[in-house]
Amino acid sequence: MLDKSAPTSTVRSSGPLSGFRIVEFAGIGPGPFACMMLADMGADVVTLDRVGAKKSMKSVAGRGRKVIELDLKDKAAIAEVLDLLASADALVEGFRPGVMERLGLGPDVVLARNPKLVYGRMTGWGQEGPLANAAGHDINYISITGALAAIGTKEAPVPPLNLVGDFGGGALYLVVGVLAALLEAQRSGKGQVVDAAMCDGAASLMSFFFDMTTLGRWTEGRDQNFLDGGAHFYGVYECACGHFVSIGSIEPQFYALLREHAGLTDADFDAQMNPKAWPALKEKLKAVFKSKTREDWCKIMEGTDICFAPVLTMSEATQHPHMVARNVFVERHGVKQPAPAPRFSRTPSTVREPEAAEIAAVTKAWKR
């Protein structure tokens with residue numbers, strides 16, 4: 001096995017997961033993002049990658065890990081992996097169902113070696129079901145949950161990047177599942193499989209909207225509800241400069257402030273919660289926001305209880321005073337990137353790169 005990470009720091013892990021050992025099978029998307037979060041929180045994460053794979057030290061999702069190259073088609077390598085897993089706390093893999101079993105690394109085999117191991121599995125469709133072995137991407141997983149149909153314009157759904165399936169419904173649910181299983185394993189002494197499917201997580205994220213539908217406060221469709229762009233008081237508006245601002249003045253006291261600061265004296269704006277009035281009020285508000293630049297509106301509204309914010313690009317976001325003050329973005333290997341989140345008062349997370357010596361000796365270091 002060959003290492004491919006250069007020594008970069010002698011800073012030791014200090015996060016709340018310090019001391020937990022996790023083996024990650026290299027993949028793309030939600031799996032690496034989940035393992036980035038676990039590493040940010042202090043877990044000792046070893047990534048197993050194919051021989052000859054190139055690791056970019058500038059990768060955001062790949063930060064904080066020891067990376068070992070090996071050929072999983074080699075029986076000797078599989079034996080080494082099993083030795084590694086024998087002293088691990090958790091495993092994370094994102095292959096299609098059945099791949100790990102064919103490699104000789106399925107849950108039955110691994111849990112027989114290490115009964116306390118948490119076996120995290122990340123897929124789009126889940127470990128079983130009619131679509132389990134079909135290819136797919138975020139857009140497909142959120143399509144069958146009702147999420148994509150609710151996002152966009154009246155004309156057509158609009159993919160919300162790959163935030164809802166891959167990262168919201170996938171990576172974050174995997175992290176929650178692995179952490180919950182690790183907690184339970186400390187009490188029971190027994191591990192288990194965590195089946196994290198992006199379609200499951202995306203459906204779970206829709207819980208609020210299922211609630212609203214049950215209460216008769218949500219209409220299926222797009223651009224006709226108070227959170228989907230239908231309401232004039234919750235949306236995005238273009239300014240005179242071509243940039244955009246966002247408002248979310250739902251509560252009456254916030255809406256009153258919006259009217260005050262934007263000069264909305266027209267009595268028509270009294271009909272805040274009348275959906276029939278929304279289209280006309282939205283057109284009036286478009287004209288109001290078009291009368292000033294984004295900078296002008298920031299001076300008038302930012303920091304008030306209007307629920308206002310400028311719509312910033314990623315590069316602009318790194319320079320916003322609030323983001324700067326909170327150190328929301330950090331620089332690593334010359335790349336600006338989001339800092340670890342959430343924050344811990346006693347065991348702060350740190351972005352740490354492993355020493356080359358650690359990687360070379362990882363198997364010995366993990367023996368208990």
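Each residue takes its place number in the sequence, starting with 1.
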Exercise. With sequence neighbours excluded, what pairs up with Gln224 under the side chain to side chain contact (heavy atoms under 4.5 Å, CB included) test?
Worked result: Thr219, Asp228

Problem set entry | Rounded distance [0.5 Å steps], CE in Met36 versus CD in Gln337 | 8.5 Å

For this session: Inspect the contact between Arg65 and Asp49 and indicate whether a charged nitrogen and a carboxylate oxygen are less than 4.0 angstrom apart.
Result: no

For this session: Run through the side-chain heavy atoms of Ile, Leu, Val, Met, Phe, Trp and Tyr, join any pair under 4.5 Å, and report what else lands in Phe329's cluster.
Result: Met323, Val328

Exercise. Do side-chain atoms of Ser249 reach the backbone of Leu258 as a donor and acceptor pair under 3.5 angstrom?
Worked result: no

Seminar exercise, completed: residues 59-81 vs ring-ring contact (aromatic ring centres under 6.0 Å, His included), sequence neighbours excluded, gives none

For this session: Can you tell me which residue pairs pass the ring-ring contact (aromatic ring centres under 6.0 Å, His included) test with a partner in residues 51-78, sequence neighbours excluded?
Result: none

Problem set entry | Whether over 12 other heavy atoms sit under 6.0 Å from Lys190 NZ | no

Exercise. Is Arg332 reaching over with its side chain to a backbone N or O of Ser59, donor-acceptor style, under 3.5 angstrom?
Worked result: yes

Please table the atom pairs, donor to acceptor, closer than 3.5 Å between any side-chain atom in residues 204-211 and protein atoms at least two apart or in another chain.
| unit_1 | atom_1 | unit_2 | atom_2 | d |
| --- | --- | --- | --- | --- |
| Ser204 | OG | Tyr173 | OH | 2.7 |
| Ser207 | OG | Ser204 | O | 2.6 |

Problem set entry | Distance-only side-chain donor-acceptor flag, Glu302 / His320, under 3.5 Å | yes

For this session: Answer with yes or no whether the hydrophobic clustering places Val324 together with Val330; edges join I, L, V, M, F, W, Y residues whose side-chain heavy atoms lie under 4.5 Å apart.
Result: no

Problem set entry | Partner set under side chain to side chain contact (heavy atoms under 4.5 Å, CB included) for Ala271, not counting sequence neighbours | Asn274, Ala277

For this session: Could you tell me whether a side-chain N or O of Arg217 sits under 3.5 Å from a main-chain N or O of Met212, the two making a donor and an acceptor?
Result: no

For this session: May I ask you to say whether Arg50 pairs ionically with Asp71, meaning some side-chain N is under 4.0 Å from a carboxylate O?
Result: no

Problem set entry | Results of ring pair (Phe, Tyr, Trp, His ring centres under 6.0 Å) for Tyr255 - residues two or more places apart only | His232

For this session: Without swapping roles, check the side chain of Lys284 against the backbone of Asp266 for a donor-acceptor pair under 3.5 Å.
Result: no

Exercise. For the hydrophobic clusters of this structure (ILVMFWY residues joined by side-chain heavy atoms under 4.5 Å, transitively), does one cluster hold both Val193 and Leu82?
Worked result: yes

Quiz: residues 148-169 side-chain donor-acceptor pairs under 3.5 angstrom, not counting sequence neighbours:
| unit_1 | atom_1 | unit_2 | atom_2 | d |
| --- | --- | --- | --- | --- |
| Thr153 | OG1 | Glu155 | N | 3.3 |
| Thr153 | OG1 | Glu155 | OE1 | 3.2 |
| Thr153 | OG1 | Ala156 | N | 3.3 |
| Thr153 | OG1 | Ala156 | O | 3.4 |
| Asn162 | ND2 | Asp166 | OD2 | 2.8 |

Seminar exercise, completed: Residues pairing under ring-ring contact (aromatic ring centres under 6.0 Å, His included) where one sits in residues 134-166, two or more places apart or in two chains, turn out to be Trp125-Tyr141

Show me the side-chain donor-acceptor pairs of residues 306-315 shorter than 3.5 Å, one per line, residues at least two apart or across chains.
| unit_1 | atom_1 | unit_2 | atom_2 | d |
| --- | --- | --- | --- | --- |
| Thr313 | OG1 | Ser315 | OG | 3.2 |
| Thr313 | OG1 | Glu316 | N | 3.1 |
| Thr313 | OG1 | Glu316 | OE1 | 3.4 |

Exercise. Is it the case that one hydrophobic cluster holds both Phe344 and Leu17, taking links as side-chain heavy atoms less than 4.5 Å apart, direct or via other members?
Worked result: yes

Problem set entry | Where at least one partner belongs to residues 61-120, residue pairs that pass ring-ring contact (aromatic ring centres under 6.0 Å, His included), sequence neighbours excluded | none

Problem set entry | Any donor-acceptor pair under 3.5 Å from Glu24 side chain to Val67 backbone | no

For this session: Could you tell me whether Asp83 and Arg113 have a side-chain N and a carboxylate O separated by less than 4.0 Å?
Result: yes

For this session: Report yes or no: does Ser18 contribute a side-chain atom to a donor-acceptor pair with the main-chain N or O of Ser14 at less than 3.5 Å?
Result: no

For this session: Taking only Lys NZ, Arg NE, NH1 and NH2, and the carboxylate oxygens of Asp or Glu, determine whether Glu283 and Lys286 approach each other closer than 4.0 Å.
Result: yes

Exercise. If you group Ile, Leu, Val, Met, Phe, Trp and Tyr by side-chain heavy-atom gaps below 4.5 Å, do Phe269 and Trp297 land in one group?
Worked result: yes

Exercise. Are any of the side-chain heavy atoms of Thr350 and Pro340 separated by less than 4.5 Å?
Worked result: no

For this session: May I have all residue pairs that pass salt bridge (charged side-chain N to carboxylate O under 4.0 Å, His left out) and include part of residues 92-105, sequence neighbours excluded?
Result: Glu93-Arg121, Glu101-Arg121

For this session: Applying side chain to side chain contact (heavy atoms under 4.5 Å, CB included) between Leu85 and each of Leu111, Val110, Asn114, report the one that passes.
Result: Val110

Problem set entry | Verify same cluster id: Ile247, Val288 (apolar side-chain graph, 4.5 Å) | yes

For this session: Could you tell me whether the side chain of Asp305 and the main chain of Phe254 form a donor-acceptor pair under 3.5 Å?
Result: no

